[in-house]
Number of protein chains: 2
Amino acid sequence: MTSNVKEIFAGDAPPAPAALAAKVRTLAPSMTRSMQRVAEAVAGDPAGCAALTVTGLAELTGTSEATVVRTARLLGYPGYRDLRLALAGLAAQQQSGRAPAVTADIAVDDPIADVVAKLAYDEQQTLADTAAGLDTVQLGAAVNALAGARRIDIYGIGASSLVGQDLAQKLLRIGLIAHAHGDPHLAITNAVQLRAKDVAIAITHSGSTGDVIEPLRVAFEHGAATIAITGRPDGPVSQYADHILTTSTARESELRPAAMSSRTSQLLVVDCLFVGVAQRTYETAAPALSASYEALAHRHTPRGSR
Amino acid sequence: MTSNVKEIFAGDAPPAPAALAAKVRTLAPSMTRSMQRVAEAVAGDPAGCAALTVTGLAELTGTSEATVVRTARLLGYPGYRDLRLALAGLAAQQQSGRAPAVTADIAVDDPIADVVAKLAYDEQQTLADTAAGLDTVQLGAAVNALAGARRIDIYGIGASSLVGQDLAQKLLRIGLIAHAHGDPHLAITNAVQLRAKDVAIAITHSGSTGDVIEPLRVAFEHGAATIAITGRPDGPVSQYADHILTTSTARESELRPAAMSSRTSQLLVVDCLFVGVAQRTYETAAPALSASYEALAHRHTPRGSR
DNA sequence: GTCACATTTGAAAGATATTTTCAGGGGGGT
DNA sequence: ACCCCCCTGAAAATATCTTTCAAATGTGAC
């Protein structure tokens, strides 16, 4: 047990996960020259070495396969194959570690990969914020109103109009009578028809979009239950809303208009409403959901279905 | 470039690091039964599988070595060896990183607070998967095509129609000529007008929505650049797409229809396209962006606007 | 300075693991 | 019920990894 380093480590160390760099430093002194070259390469560029075969690494370091294997053994692995796996793991960890560079604003010269990462991160953040800030009592009340509604009118303009359409589509699919209005005049004309047992929903990020507030006011005054989905719960729209659902406001930048995160936020709220209503009306919703799915099936060409 | 998934991925995607779970879900539908077993094992226990040899994994899944290799290829790796390395990386990331907060399906009797939490979590997951699985090379090419386009036509039906409208709205706002078509017949009628320098975009989660594929085919045959945003890159729609942008597929349940996560995924892709184009055309886009913002200001009642 | 010994090193043989080939079998369509 | 196509796994072919062994190199003693 004198000079054989291999024996010192025998049996004790399960292959090292991330302690590899440290182990290299620890053991370097006890290594022969060519082994040190290998260890150095491995510690210096785990990702690159993980991509190499024994022969490749041997050539890169100007040594032989045997030396590479000996080095792997010395580091505590049964063979080169296992060292390679550990190397891949290490590389992945290192890479994921330096991820949080994405918090910065999107710049004009950002490579496309950064844009993807930053957008995804921002939207995830928006979702978390929205979920955290959503008042479940208000949400529950809104769901109740919707579940028993005779008719549902939804008002939204611009980007919010699409969110309204999304909600209307979903509610229709579970058998409710919902309509999304894009045109402010038609919206008001229709709002006049509403009465108790009906529900009106206004979607406006700013909380002060006149074209959306007006129809909600009319609905409110005619006795319908009213819901506001807005990022400004203190805005004018709230005057006429029985239930206020707050969406989150994320910082915006030139290349990332507010419309993006408000849309994400609004959609989450809308999904929550939908699922809540679907739960409440499960008896009728379940068959309706599968029915609409079946009806669409023939619209898809058979190929690629398996 | 028809139905061969291998070719679709050839050359473009360097083996995925953390996108693996997402990729498994994306490609699972196009897999054969035994391949699915392998993919399932791999996605379910990356660490465990990384420790296995081809033969071991074949035995574990009750299949043959050949099938394991085939699965690895389908997932975008040159062979099993490389899949194994990626697996080791994934395992390392998982272990070092986050708690794998398991999300149960949304149940009928879930309290509303749980619904909010689960939906938010699922959508965050969808975003992460989409970002990880998005091919930035394809994305860059698509952005290039859009940035120089004379005219842009967008096809989407049902839920995807809203995504198309969202994209059209955004592109219009930075001075591009974009139109989202909801009606299949009008879409085809318009597609005939397209020629080189024009871009056609088809949005379909299933990749096999005839009403969307047809106009894309027409556009393709008239020499327009074509982009497909789909969850099934091996689907029929890809035949006529110069650039394929893959959206992620999340598991769905009765109360959480696939439409929800596919919409989230599609919107992220669309946002990436938009920001990419805005970067590329910054000179004209920047003034256009602020101009449209100013134009809207008077539509908001003064109170609560700041 | 030279010899003897111990140690390191790489070439090549040997053992595993991976990939490819190919023929039999099962499922879906007509 | 039949046929065709495509999936599937056994086995051959190849690549990769491991071991062996002899030559080369360095080290210390005389």
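The basis for the numbers below is simple: all heavy atoms, side chains too, and nothing from hydrogens, waters or symmetry mates. Here is the naming used below: chain letters follow the sequence lines, and residue numbers restart at 1 for every chain. Computed from a prediction, not measured in an experiment: that's the story for all the values here.
- Taking all atoms of both residues into account, the shortest heavy-atom contact from H181(B) to Y155(B) is CD2-CE2, 3.7 Å.
- Within 6.0 Å of CD in Q193(B) there are more than 12 heavy atoms belonging to other residues, nucleotides or ligands.
- The two residues V42(A) and L83(A) come nearest to each other via the heavy atoms CG2-CD2, 4.5 Å.
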Protein-nucleotides 25-27 of chain D N/O pairs under 3.5 Å:
none

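- Rounded to an integer number of Å, the gap from CG of L74(A) to C1' of dT18(D) is 17 Å.
- With sequence neighbours excluded, no residue satisfies ring pair (Phe, Tyr, Trp, His ring centres under 6.0 Å) with H243(B).
- Remark: C1' of dT16(D) and CG of L85(A) are 14 Å apart, rounded to the nearest angstrom.
- Within the structure, side-chain hydrogen bond (donor to acceptor under 3.5 Å, both in side chains) pairs that include any residue of residues 51-63 of chain A comprise T61(A)-T63(A) (at least two apart or interchain).
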Worksheet item: In the 5'-to-3' direction, what one-character label does each nucleotide of nucleotides 10-22 of chain C receive under the scheme B = base within less than 4.0 Å of a protein heavy atom, S = sugar-phosphate only, - = no such atom?
Response: BB-----SBBB--
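- A salt bridge links R217(B) with E214(B); the closest basic N to acidic carboxylate O contact falls under 4.0 Å.
- Under the rule for a side-chain contact (heavy atoms from CB on, under 4.5 Å), the partners of Q165(B) that lie at least two apart in sequence or sit in another chain are L162(A), Q165(A), S161(B), L162(B), A180(B).
- Judged as a side-chain contact (heavy atoms from CB on, under 4.5 Å), and not counting sequence neighbours, A51(A) has no contacts.
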